[in-house]
Protein chains: 2
Amino acid sequence: MFKKKIIIIEDQEDLRYSFELIINGSDQFFVHQTYPDAEEAIKEISKTKPDIAMVDLELPGMNGIEAIRQIKEKSPKTECVIVTVYEDSNLVFEGLKAGAGGYIIKNANYLEIIRALEEISKGGAPMSSQIARMVIQNFHVNPNSPLSPRETDVLKLIAEGKSYTQISEELFISKETARSHIKNIYVKLNVNSKSEAISKARKDHLI
Amino acid sequence: MFKKKIIIIEDQEDLRYSFELIINGSDQFFVHQTYPDAEEAIKEISKTKPDIAMVDLELPGMNGIEAIRQIKEKSPKTECVIVTVYEDSNLVFEGLKAGAGGYIIKNANYLEIIRALEEISKGGAPMSSQIARMVIQNFHVNPNSPLSPRETDVLKLIAEGKSYTQISEELFISKETARSHIKNIYVKLNVNSKSEAISKARKDHLI
DNA sequence: TTAATATCACGCAGAATGAGGGATATAGAA
DNA sequence: TTCTATATCCCTCATTCTGCGTGATATTAA
């Protein structure tokens, strides 16, 4: 079994060093390179192609979110792990959206760090249950929707790019009824086109 | 501090009983009612309005996914916890999408059960890192997209319901260029309308 | 030096859109 | 009981949008 190649992007020297020590002390991982900022790491990422990149979110210059985005773009197979002090912030969530596979808090101990890396390696996603909740909340629907059930049905089809005609066919109603629902949706959401309706619906998790 | 009201929907009598014992033994939760199937529980849910509903996924009659959907519809504040034997199945994932806030595996011990309920109570989402990964994968973009970056930009706007004209305006290109990109997208995705493109894009996480 | 990307152009027939004006029936709330 | 919300259906109008066909050019990456 080969050891997994890891890079560390972290501006605090002490942390960089202690992470390196911990990881190199394990028999499953080794640190290929450490960087105090993201720019240099990203420049080399196509060559280094590490298995895992540990990325601090608070970096000088390019921030960690953008760094993760670019790493995933240039080396999609590299798993990114967020390293952060803020355990339950929106930043972590943004990082996950940008492509990170999990996160480690900065004051994690030896065991926690290695276990997080192991989980990432075998396809898991280490994260606290608070973050997990934020994540799943993202595809829960808003129970306080102003729309009626039927209007919600229609809106879903609008969001799929369906035309009036297609909506009427799929819901077994006349085209006029579909248009009527859509007009009511526009009034309720205070918009006046399909695209605006979709943006608003997504923003408010109406669908 | 009031104890949180819990209902249990579980067809296996022994499990129902042991969950009840464990929960009633805690000082934070109490079991209001247990049900061997979802139908009865849902009929009463508007009246019982429990803080937490523990829902088995494999139920006779209505399955757990549908049960969760209906519970969240009729009593949105009730937190649903999936109870399952299959730790890492797609079913759990579907349950989370339907509105569950986390899950408990059936052979969890006393401590694990109480801890999961506590996490749910304080807004967390108990789940294994494998499930967490499935969940976050859902808003990661597919790195093997056949589309070029520009085409992806265009597709995103299509998915927002934007017209050719609007797309051209937002991307500062001519309408003809937008149409050109869209035509190329259709060829690559093997579709021939915006709505088909959107479905395919969502299915394959292209956007 | 090909292939892919990104940009731009024109014409056409038919469909879709948003805005305006209506109607009817049911069910539930005030 | 009257009002409101919901869900269904109908018509017209001017404008825009769509998909298809058939091109072109410049840059860049393999």
Side-chain angles (χ1 to χ4, degrees), chain A residues 42-43 45-47 49 70 73-76 142-201 206-207, chain B residues 46-47 73-74 141-201 206-207:
Chain A
I42 287 169
K43 213 179 291 172
I45 199 79
S46 304
K47 273 144 196 114
K49 285 197 184 304
Q70 294 198 23
E73 194 190 318
K74 296 190 177 161
S75 174
N142 182 354
N144 302 330
S145 170
L147 303 180
S148 73
R150 200 53 161 171
E151 286 161 355
T152 306
D153 292 341
V154 172
L155 186 56
K156 276 180 192 157
L157 294 175
I158 291 175
E160 285 170 25
K162 299 272 166 42
S163 69
Y164 289 10
T165 309
Q166 286 172 306
I167 292 170
S168 69
E169 282 165 358
E170 292 201 25
L171 296 180
F172 304 107
I173 56 180
S174 96
K175 193 197 283 195
E176 294 306 321
T177 305
R179 291 173 53 149
S180 181
H181 285 308
I182 291 170
K183 276 187 276 190
N184 292 333
I185 291 169
Y186 288 179
V187 172
K188 286 187 183 177
L189 299 188
N190 194 231
V191 298
N192 50 7
S193 77
K194 286 193 188 178
S195 39
E196 281 183 89
I198 296 170
S199 320
K200 188 124 190 179
L206 264 28
I207 48 172
Chain B
S46 304
K47 272 144 197 112
E73 194 190 316
K74 297 189 176 160
V141 295
N142 183 351
N144 301 328
S145 170
L147 303 180
S148 72
R150 199 53 161 173
E151 285 161 357
T152 306
D153 292 341
V154 172
L155 185 56
K156 277 178 193 158
L157 294 175
I158 291 176
E160 285 170 25
K162 298 271 166 40
S163 69
Y164 289 9
T165 308
Q166 286 172 304
I167 292 170
S168 69
E169 281 166 359
E170 293 203 24
L171 297 180
F172 305 105
I173 56 180
S174 95
K175 193 198 280 192
E176 294 306 321
T177 305
R179 292 172 54 154
S180 181
H181 285 309
I182 291 171
K183 277 187 276 191
N184 292 333
I185 291 170
Y186 287 0
V187 172
K188 287 187 182 176
L189 299 188
N190 193 231
V191 297
N192 49 9
S193 75
K194 285 193 186 180
S195 39
E196 281 183 86
I198 295 169
S199 320
K200 188 126 190 179
L206 265 28
I207 48 172

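Numbers restart at 1 for each chain; the letters A, B, ... are given by sequence-line order, proteins then strands.
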Inset, instruction - Between dT17(C), dC8(C), dA6(C), spot the one nearest the side chain of Lys194(A), thanks. - result: dT17(C)
Inset, instruction - Starting from C1' on dA19(C), measure out to OH on Tyr186(A) and report it in whole angstrom. - result: 12 Å
Legend entry - Short side-chain N/O contact to dC8(C) OP1/OP2 from Thr177(B), under 4.0 Å: yes
Inset, instruction - Write down the distance between CD1 (Ile182(B)) and C1' (dC8(C)), rounded to a whole number of angstrom. - result: 15 Å
Inset, instruction - Return the angle between end axes of the helix from dT1(C)-dA30(D) to dA30(C)-dT1(D), with five pairs used per end and rounding to 10°. - result: 70°
Legend entry - Residues that Arg179(A) engages under side-chain contact (heavy atoms from CB on, under 4.5 Å), provided they are two or more places apart: Tyr164(A), Lys175(A), Glu176(A)
Legend entry - Residues which pass side chain to side chain donor-acceptor pair (under 3.5 Å) with Glu170(A), listed by chain and number, not counting sequence neighbours: Lys162(A)
Legend entry - Test side-chain contact (heavy atoms from CB on, under 4.5 Å) applied to Ala178(B) - qualifying residues, sequence neighbours left out: Ile167(B), Ser168(B), Ile173(B)
Inset, instruction - Report yes if some heavy atom in the side chain of Lys49(A) is under 4.5 Å from a heavy atom in the side chain of Ser75(A); otherwise report no. - result: yes
Inset, instruction - Can you sort out which residues in residues 164-171 of chain A have a heavy atom within less than 4.0 Å of DNA chain C? Ascending by number, please. - result: Tyr164(A), Thr165(A)
Legend entry - Listed partners of Lys188(B) passing side chain to side chain donor-acceptor pair (under 3.5 Å), at least two apart: Glu151(B)
Nucleotide N/O to protein N/O under 3.5 Å, stretch nucleotides 20-25 of chain C:
residue: dG20(C); atom: O6; partner: Lys183(A); partner atom: NZ; Å: 3.1

Inset, instruction - Return the set of residues passing side-chain contact (heavy atoms from CB on, under 4.5 Å) with Val191(B) (not counting sequence neighbours), or none when no residue passes. - result: Tyr186(B), Leu189(B), Glu196(B), Ala197(B), Lys200(B)
Inset, instruction - Measure the CD1-CD1 distance between Ile158(B) and Ile182(B) for me, rounded to the nearest 0.5 Å. - result: 4.0 Å
Legend entry - Test salt bridge (Lys or Arg N to Asp or Glu O under 4.0 Å) applied to Lys43(A) - qualifying residues, sequence neighbours left out: Glu40(A)
Inset, instruction - Kindly indicate whether the side chain of His181(A), heavy atoms from C-beta on, has any atom under 4.5 Å from the side chain of Leu155(A). - result: no
Inset, instruction - To the nearest 0.5 angstrom, please state how far the CD atom of Glu169(A) sits from the CG atom of Leu157(A). - result: 11.5 Å
Legend entry - chain A footprint on DNA chain D, 5' to 3' - any atom under 4.0 Å from a heavy atom: dT6(D) to dT12(D)
Legend entry - Partners meeting side chain to side chain donor-acceptor pair (under 3.5 Å) with Thr177(A) (sequence neighbours left out): Ser174(A)
Legend entry - With sequence neighbours excluded, residues passing side chain to side chain donor-acceptor pair (under 3.5 Å) with Ser199(A): none
Inset, instruction - Report which part of the nucleic acid Asn184(A) touches: base, sugar-phosphate, or nothing (heavy-atom distance under 4.0 Å, all strands). - result: nothing
Legend entry - Any side-chain heavy-atom pair of Thr152(B) and Leu206(B) under 4.5 Å: no
